[in-house]
Amino acid sequence: MTHTARRMFELLEPICLVTFLADECNEELAALGHRTYWDGYFASRAAPLGRVPAQVVHAAFYSFADGEAARHIPSAWETIPPEASVAARERGSAASVRRILGEELAGSPGLVRAADLTTKAATSAPTEGRVMYAGMRTLPVPSDPVARLWHSATMLREHRGDGHVAALVCARIGGTEAHVLSALAEGIHPPESFGRIHHLPKERLAAVMDGLRERGLVDTDGRFTDAGRETRQRIEALTDELAAAPYDALSPAELDELVAELEPITAKLVAAGSR
């Protein structure tokens, strides 16, 4: 099932990425009155947790630097109800998927079947220890097949993300450190130039890199050591293992069918860069 979890991540992630890369979601959130991309991001993604303090959002999201959540939460909810942001995110994301796929594929029986099977998996896993996933599980599942496919893929993304956080905590890798390891795994050097962290204060990034060097995970040039590469691989393997539970709900035949139905959908989204 670990192999299955990795394969499903590869197939479902391009569906989820339209939320962050395509225009429609950002336009919907901006129309509500969110002033910036990040206001809309934090407001809509954190909304299923309820009106929790910034400290809780920071803990649940994990990968953002200290103070970043507090710049948007709770101020992003002061004039725009969380429920409105959730609905805007769903509308915009579904519209992006529908546009990229085109009318024929978006309206196909294969997409409906993929949405049904993805939803079966996404609504079956235990919620204990899965804060973001549990929040998504409280939302109604859309009836429209395209919206249902996006919604269920996003539920599974948050389930996987919760497990990834657990794997990072187990390895004693913090959020900014995790971005450094991801940058190195993607061949980005120096890793401090990675888009998710390059804006952080130079002193903060230097302290993170020094800490990774002291632990023997990166070398003096800021590149992976063997220990660092092994740590990254161990985190990813545990993330896959922890992401497998939802797919226990599907029979082998259903898993094969889901993969077959998702492949043309994912291929179209990948070709478009999920934009």
Side-chain angles (χ1 to χ4, degrees), residues 4-32 34 36-48 84-123 132-133 136 139-161 164 182 186 195-196 243 246-247 250 254-275:
T4 296
R6 172 60 59 167
R7 180 62 178 139
M8 293 308 302
F9 169 68
E10 294 167 350
L11 288 168
L12 294 173
E13 182 72 353
I15 299 170
C16 305
L17 287 180
V18 300
T19 303
F20 315 112
L21 301 178
D23 291 334
E24 287 89 342
C25 182
N26 196 44
E27 290 169 354
E28 288 278 0
L29 290 166
L32 287 181
H34 290 299
T36 68
Y37 171 89
W38 288 111
D39 274 350
Y41 173 90
F42 276 92
S44 60
R45 186 178 171 214
S85 295
V86 168
R89 182 173 75 148
E90 179 187 302
R91 284 196 307 273
S93 299
S96 296
V97 173
R98 190 173 286 107
R99 169 181 56 78
I100 294 167
L101 294 184
E103 184 177 344
E104 183 176 353
L105 186 53
S108 67
L111 184 137
V112 174
R113 183 59 173 159
D116 290 343
L117 290 172
T118 303
T119 302
K120 183 177 179 180
T123 55
M132 293 300 300
Y133 172 65
M136 284 289 296
L139 303 179
V141 176
S143 57
D144 171 73
V146 173
R148 185 164 70 251
L149 178 61
W150 170 84
H151 177 88
S152 297
T154 300
M155 272 199 283
L156 290 166
R157 187 177 200 264
E158 295 290 20
H159 179 277
R160 182 184 179 86
H164 187 56
S182 293
E186 293 174 22
R196 289 294 302 274
Y247 306 106
L250 303 181
E254 287 175 324
L255 278 170
D256 289 344
E257 186 181 5
L258 179 55
V259 168
E261 299 295 1
L262 283 174
E263 283 178 339
I265 294 168
T266 299
K268 196 83 176 281
L269 288 161
V270 169
S274 294
R275 296 178 184 272

Q) Parallel, tilted or perpendicular for Y41 and Y37, by the 30°/60° rule? A)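 Y41 vs Y37 ring planes: parallel.
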Could [X] and [Y] be called an ion pair, given the rule that one side-chain N must be under 4.0 Å from one carboxylate O?
X    : Y    : answer
R91  : E27  : no
R113 : E261 : no
D144 : R98  : yes

Q: Working to the nearest 0.5 Å, report the span between OG of S93 and CG of L21.
A: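 It is 10.5 Å, given to the nearest 0.5 Å.
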Q. If you measure from CG on L111 to CD on E104, what distance do you get to the nearest 0.5 Å?
A. 12.0 Å
Q: Grab the two heavy atoms, one from V146 and one from A94, that are nearest each other, plus how far apart they are.
A: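 Nearest pair, atom of V146 first, then A94: CG1-O, 3.6 Å.
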(Q) For a quick test of reading the model, state the closest non-hydrogen atom pair linking S85 to L29 and the distance between them. (A) O-CD2, 3.7 Å
I'd like a table of donor-acceptor pairs (distance under 3.5 Å, sequence neighbours excluded) in which one partner is a side-chain atom from residues 268-275, with atom names and distances.
| from | atom 1 | to | atom 2 | distance (Å) |
| --- | --- | --- | --- | --- |
| K268 | NZ | L101 | O | 2.8 |
| S274 | OG | P14 | O | 2.8 |

Should [X] and [Y] count as side-chain neighbours, where that means a heavy-atom distance under 4.5 Å?
X    : Y    : result
C25  : V18  : no
I265 : V97  : no
T119 : H151 : no
L250 : E257 : no

Q. Will you find, in the side chains of W150 and T19, an N or O donor that is under 3.5 Å from an N or O acceptor?
A. yes
Q: Would you sort out whether H159 and M136 count as a side chain to side chain contact (heavy atoms under 4.5 Å, CB included), showing the intermediate values?
A: CA-CA 9 Å; H159 179 277; M136 284 289 296; over 6 Å; no
Q.
Run L12 and R157 through side chain to side chain contact (heavy atoms under 4.5 Å, CB included) and show every step you take.
A. CA-CA 8 Å; L12 294 173; R157 187 177 200 264; over 6 Å; no
(Q) Using side chain to side chain contact (heavy atoms under 4.5 Å, CB included), reason through R160 and M8 one step at a time and then give a plain yes or no. (A) CA-CA 11 Å; R160 182 184 179 86; M8 293 308 302; over 6 Å; no
Q | Steps toward side chain to side chain contact (heavy atoms under 4.5 Å, CB included) verdict (I15, L262) | A | CA-CA 10 Å; I15 299 170; L262 283 174; 4.1 Å; yes
Q. Can you check whether A115's main-chain N or O pairs, donor with acceptor, with T118's side chain at less than 3.5 Å?
A.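 Side chain of T118 to backbone of A115: no pair is present.
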Q) Under 3.5 Å, side chain of Y133 to main-chain N/O of A122, donor-acceptor pair present? A) yes
